[in-house]
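Just so you know, ligand 1 is whichever comes first in the structure, and atom 1 is the first atom listed for that ligand. As the structure is a prediction and not an experimental result, all values here were calculated from the model.
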Amino acid sequence: MNQIAGLGTVLGVWAHPDDEAYLSGGLMALARDAGSRVVCVTATHGERGTTDPERWPADRLAEQRAVELRDCLDVLGVTEHHWLGYRDGECDRVPPGEAVARIAELIDAVRPDTVVTFGPDGQTGHPDHQAVGRWTAAAVDRAAPARTRLLQSAITGDWARQWRIVNDRFDVFVPGYPVVRRESELALHLTLDPVTLSRKVKALAAQASQTAGLIATMGADQYAAWVADEAFVAAEPAPLICERCWWDHENARWRCAGTPAASLR
Ligand SMILES: [Zn+2]
């Protein structure tokens with residue numbers, strides 16, 4: 001609990017509704033219980049997150065997922081939420097300077113002590129996750145005071161081994177992922193207590209469009225065990241990026257169309 005109170009004000013920045021709960025639902029609930037302010041940001045409405053787009057056209061699913069996210073955050077005690085309003089599956093096409101400026105504005109307004117988001121791997125390898133992780137690291141670098149901690153969600157080798165069959169069965173990861181980290185690399189590793197875990201499961205269950213099938217197939221107990229761990233590494237310093245920077249996919253680095261010396265390090 002001391003570790004949690006020490007996080008201070010927490011700002012979470014995620015790509016789709018449900019990312020926040022899967023990767024930091026326990027952290028958010030415990031931080032709220034400790035009396036901390038928690039602000040959650042979601043880049044897209046996850047409007048393409050369906051295998052049945054005829055029944056769930058994008059507009060309808062976006063509305064549904066907004067309702068589900070609100071219910072989920074209610075369970076976790078999180079009352080402050082912002083949308084960035086980008087399109088699901090297209091985050092890596094958003095001009096990064098714009099997205100970074102939007103997140104930097106929120107950092108300016110919230111003054112978080114801790115920012116939680118994806119690492120460069122995007123946890124599952126999803127390009128939206130990777131884009132949001134990059135934007136957030138750059139925004140922290142631009143806008144946050146030096147004391148601000150940037151925690152990036154991580155996967156341990158133990159967890160990946162323990163859940164390999166389940167993860168493969170449900171296609172959780174893009175081929176080539178996850179990137180696993182050693183326990184000694186982690187800055188924060190939560191194994192949720194039973195009460196917090198059941199609250200996290202309830203929060204995830206509120207996002208039924210994404211979780212109902214999975215919970216039914218896995219069974220409640222296995223599903224709970226699967227989401228009981230939340231691991232984070234402390235981020236490496238991000239490159240300073242400017243309005244004219246762009247992400248070079250091929251070489252996996254920022255490049256600048258302006259004055260490189262001023263914008264990259
Ligand atoms: Zn996601």
Side-chain angles (χ1 to χ4, degrees), residues 10-28 39-53 56 58 61-73 76 78 81-94 96 99 102-103 115-137 139 151-155 159-160 163 166-179 200-201 203-215 218 223 226-227 229-233 247:
V10 177
L11 175 69
V13 189
W14 306 103
H16 316 104
D18 83 354
D19 296 334
E20 73 302 308
Y22 270 119
L23 304 182
S24 69
L27 182 148
M28 290 193 289
V39 181
C40 180
V41 178
T42 315
T44 81
H45 281 70
E47 68 275 9
R48 287 171 60 190
T50 178
T51 52
D52 188 359
W56 290 105
L61 186 56
E63 269 176 43
Q64 175 67 17
R65 293 193 73 173
V67 171
E68 291 179 350
L69 177 59
R70 199 191 53 216
D71 291 347
C72 166
L73 293 177
L76 301 171
V78 176
H81 177 261
H82 299 271
W83 296 105
L84 296 182
Y86 296 129
R87 287 188 199 210
D88 188 6
E90 297 184 13
C91 287
D92 60 354
R93 284 184 242 162
V94 173
R102 299 270 312 277
I103 299 166
V115 176
V116 291
T117 186
F118 303 100
D121 58 317
Q123 189 88 359
T124 59
H126 193 304
D128 281 352
H129 295 183
Q130 295 177 344
V132 168
R134 283 195 300 274
W135 301 338
T136 306
L151 295 180
Q152 295 172 325
S153 181
I155 290 172
W159 186 90
W163 295 104
V166 170
N167 294 334
D168 287 351
R169 180 175 172 201
F170 295 107
D171 283 330
V172 173
F173 296 104
V174 170
Y177 292 86
V179 175
K200 173 172 177 173
V201 170
L204 280 161
Q207 301 204 39
S209 68
Q210 307 304 303
T211 57
L214 210 50
I215 294 172
M218 285 173 82
Y223 183 79
W226 187 55
V227 301
D229 251 45
E230 294 177 8
F232 302 89
V233 294
W247 178 255

| message | Minimum heavy-atom separation for Thr117 and Val13, please, with both atom names. | response | OG1-O, 2.8 Å
| task | Please name all residues satisfying side-chain contact (heavy atoms from CB on, under 4.5 Å) with Gln123, sequence neighbours left out, ordered by chain then number. | result | Leu23, Phe118, Ser153, Ile155
| field | Residues forming a ring pair (Phe, Tyr, Trp, His ring centres under 6.0 Å) with His16, sequence neighbours excluded | value | His126, His129
| said: For the aromatic rings, using the six-membered ring if either is Trp, is the centroid distance between Phe170 and Trp226 under 6.0 Å? | reply: no
| query | Under 6.0 Å from the CD atom of Glu63, do we count more than 12 heavy atoms belonging to anything else shown? | reply | no
| task | Could you pull out the N/O/S protein atoms under 2.8 Å of the Zn ion (ligand 1), ignoring any water? | result | His16 ND1, Asp19 OD1, Asp19 OD2, His129 NE2
| said: Going by side chain to side chain donor-acceptor pair (under 3.5 Å), name the residues that satisfy it together with Thr42, two or more places apart in sequence or in a different chain. | reply: His81
